[in-house]
Engineer: 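Pasting a structure here, questions to come.
Counting starts at 1 for both ligands and their atoms, in listed order.
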Amino acid sequence: MSCKVVLAQGISTSYREELKNTIKARNIRPKLVGFLANEDPAAAKYAEWTAKTCAETGVEFELRTCARNDLEDKIIEANQDAGVHGIMVYYPVFGDRQDQYLQQVVDVSKDVEGLHHKYIYNMYHNIRFLDAAKTKKCIIPCTPLGLVKVMEYVGVYNGILPHGNRLHGRVVTIINRSEIVGRPLAALLANDGAKVYSVDINGIQEFHRGVGLQLKKHEVTETTLKVEDVLPLSDVVITGVPSPTYKVPSNLIREGAVCINFSTFKNFDGDEIKKKAAIYVPAVGKVTVAMLERNLVRLYDYQLQDRES
Ligand code: NAD
């Protein structure tokens, strides 16, 4: 078996080192507040990693637990506190549209997760900067951004092509089309030039920028394709199905593909996938946390610039 297994810890190292050096050299102390208002063990684990990584890099992290009905007031309090530079919430809280409302309550200038409508809109429309002078990059949601960094690390992005076109010619299947990860990820990768098959429980959509990347931002078309049609065509297969029993059929994976799992559950059969894939990334959580901190430092700087201007 010649498959290379690439761990998130290794991928996140350079980002964590860069953060640590920047924070130390500039003698700053950005503060991130995480709100935990659910009983989800995955959220508690994520909070644990966040605390650990923040301690290593020099970010001040405070976990605030509260009843879900108090969360809105607690977020507003943190929005108004100049000593808090970034805010994140461990979702799901209510598990319905109220969670989308809460995402908009977090002030846009402190939204480290990049879930505010402005960031999401800009991402879907391939608008990369917040200002006309192009000094402030948009905040990208952490898990999709982390997956982009994983793909850069393993060499799916082609560095000799210009930024914004570096996935030209790549075919990617993403099995998950949630609003938090799968759909934004499909848009980001298609905006960077990939042809993306976005699979969910109801069917497959294609995200692309057309032949020769003639479109400025991606477009989406419905297909009648099935998983068995798209997997053999895909250079990269990314999966995030939240089920312990779901397995991507290894026999359909293209020889030499890059296979990445972001689900809490193992969506690939580890032994079988290693017989087909060239690169297998079994989890990405640590890269997500590194992106969270990177977004925090960016927002810290924007807040500083706004105070000085
Ligand atoms: P979700 O429930 O909102 O979305 C699941 C998606 O998978 C939906 O699009 C659904 O249609 C699709 N799906 C489900 N079963 C399928 C099947 N059999 N075939 C094809 N598509 C199917 O979940 P989510 O918030 O996107 O989270 C998904 C997983 O990713 C969870 O395990 C979550 O814990 C994990 N997650 C990881 C990170 C990280 O940084 N590692 C971040 C966020 C979420």
Side-chain angles (χ1 to χ4, degrees), residues 6-9 11-12 15-16 34 36 38-50 52-53 88-100 102-103 112-115 120 140-151 153 172-188 196-205 207 220 222-223 225-231 234 237-250 252-253 259-269 280-295:
V6 181
L7 301 181
Q9 172 78 15
I11 304 170
S12 65
Y15 294 103
R16 284 183 287 119
L36 189 59
N38 67 22
E39 305 285 324
D40 181 0
K45 189 89 204 147
Y46 187 26
E48 208 180 287
W49 281 344
T50 315
K52 196 165 166 272
T53 320
M88 66 169 301
V89 177
Y90 294 97
Y91 292 104
V93 176
F94 291 91
D96 57 21
R97 284 187 57 117
Q98 199 167 340
D99 285 3
Q100 288 164 36
L102 289 169
Q103 284 164 8
V112 284
E113 294 183 281
L115 300 177
I120 303 281
I140 308 268
C142 303
T143 307
L145 178 61
L147 285 156
V148 165
K149 297 298 173 188
V150 168
M151 288 170 66
Y153 184 91
V172 183
T173 289
I174 304 170
I175 309 171
N176 174 305
R177 203 186 306 128
S178 70
E179 284 301 309
I180 297 288
V181 192
R183 196 166 81 90
L185 178 65
L188 282 172
V196 179
Y197 293 116
S198 168
V199 182
D200 86 346
I201 202 117
N202 300 314
I204 300 184
Q205 294 178 340
F207 288 53
V220 182
E222 299 292 342
T223 80
L225 296 166
K226 306 233 170 315
V227 173
E228 49 271 36
D229 300 320
V230 297
L231 286 180
S234 299
V237 178
I238 303 173
T239 173
V241 174
S243 156
T245 51
Y246 179 83
K247 295 287 176 232
V248 179
S250 302
L252 296 176
I253 299 282
C259 294
I260 305 169
N261 175 56
F262 70 83
S263 172
T264 328
F265 302 100
K266 291 189 175 3
N267 285 178
F268 291 108
D269 175 325
Y280 171 42
V281 184
V284 304
K286 292 197 167 82
V287 186
T288 302
V289 177
M291 292 307 118
L292 191 73
E293 288 189 70
R294 203 161 166 267
N295 283 351

Engineer: When you compare the side chains of Asn261 and Ser263, does any donor N or O come within less than 3.5 Å of an acceptor on the partner?
Structural biologist: no
Engineer: Which residue owns the protein heavy atom closest to atom 26 (O) of ligand 1, what's the atom, and how far is it?
Structural biologist: Ser178 OG, 2.6 Å
Engineer: Find all atoms of ligand 1 within a distance of less than 4.0 Å from any non-hydrogen atom belonging to Val284, and give their numbers and elements.
Structural biologist: 41 (N)
Engineer: If you compare all heavy atoms of Ala47 against all heavy atoms of Tyr90, which two are closest, and at what distance to 0.1 Å?
Structural biologist: CA-OH, 3.3 Å
Engineer: Would you say Leu292 and Thr53 make side-chain contact, with heavy atoms under 4.5 Å?
Structural biologist: no
Engineer: Step through the shown structure and confirm whether more than 12 heavy atoms of other residues, nucleotides or ligands are within 6.0 Å of NZ on Lys266.
Structural biologist: no
Engineer: Answer yes or no: does an N/O atom from Tyr246 fall short of 3.5 Å to an N/O atom of ligand 1?
Structural biologist: no
Engineer: For atom 27 (O) of ligand 1, find the nearest protein heavy atom and state the residue, atom name and distance (0.1 Å precision).
Structural biologist: Asn176 ND2, 4.1 Å
Engineer: For Lys247 and Asp269, work out which heavy atoms get closest and say how close.
Structural biologist: CD-N, 4.0 Å
Engineer: Under 4.0 Å from ligand 1, counting heavy atoms only, is it the side chain of Ile175, its backbone, both or neither?
Structural biologist: side chain
Engineer: For atom 10 (C) of ligand 1, state which one of Val199, Thr143, Ile201, Val227 supplies the nearest heavy atom.
Structural biologist: Ile201
Engineer: Is the shortest side-chain heavy-atom distance between Cys259 and Ile253 below 4.5 Å?
Structural biologist: yes
Engineer: Report the nearest protein non-hydrogen atom to atom 9 (O) of ligand 1: residue, atom name, distance rounded to 0.1 Å.
Structural biologist: Arg177 N, 2.7 Å
Engineer: Can you sort out which atoms of ligand 1 are near Val241, meaning under 4.0 Å from one of its heavy atoms?
Structural biologist: 14 (C), 15 (N), 16 (C), 22 (C)
Engineer: Donor-acceptor pair, distance only, cut-off 3.5 Å: does the side chain of Arg183 make one with the backbone of Asn176?
Structural biologist: no
Engineer: What part of Thr264 sits under 4.0 Å from ligand 1 if we count only heavy atoms: the side chain, the backbone, both or neither?
Structural biologist: both
Engineer: Pull out every atom of ligand 1 sitting under 4.0 Å from any heavy atom of Val181, numbered as shown with elements.
Structural biologist: 43 (C)
Engineer: Establish, yes or no, whether a centroid distance under 6.0 Å links the rings of Tyr280 and Phe268.
Structural biologist: yes
Engineer: Show the atoms of ligand 1 that are less than 4.0 angstrom away from any heavy atom in Thr288.
Structural biologist: 39 (C), 40 (O)
Engineer: Evaluate whether atom CD of Glu39 has more than 12 neighbouring non-hydrogen atoms of other residues, nucleotides or ligands under 6.0 angstrom away.
Structural biologist: no
Engineer: Nearest to atom 37 (C) of ligand 1, what protein heavy atom do you find, and at what distance?
Structural biologist: Phe262 O, 3.0 Å
Engineer: If the contact criterion is a heavy-atom separation under 4.0 Å, does Gly240 count as touching ligand 1?
Structural biologist: yes
Engineer: To which protein heavy atom is atom 2 (O) of ligand 1 closest, and what is the distance rounded to 0.1 Å?
Structural biologist: Pro242 CG, 3.7 Å
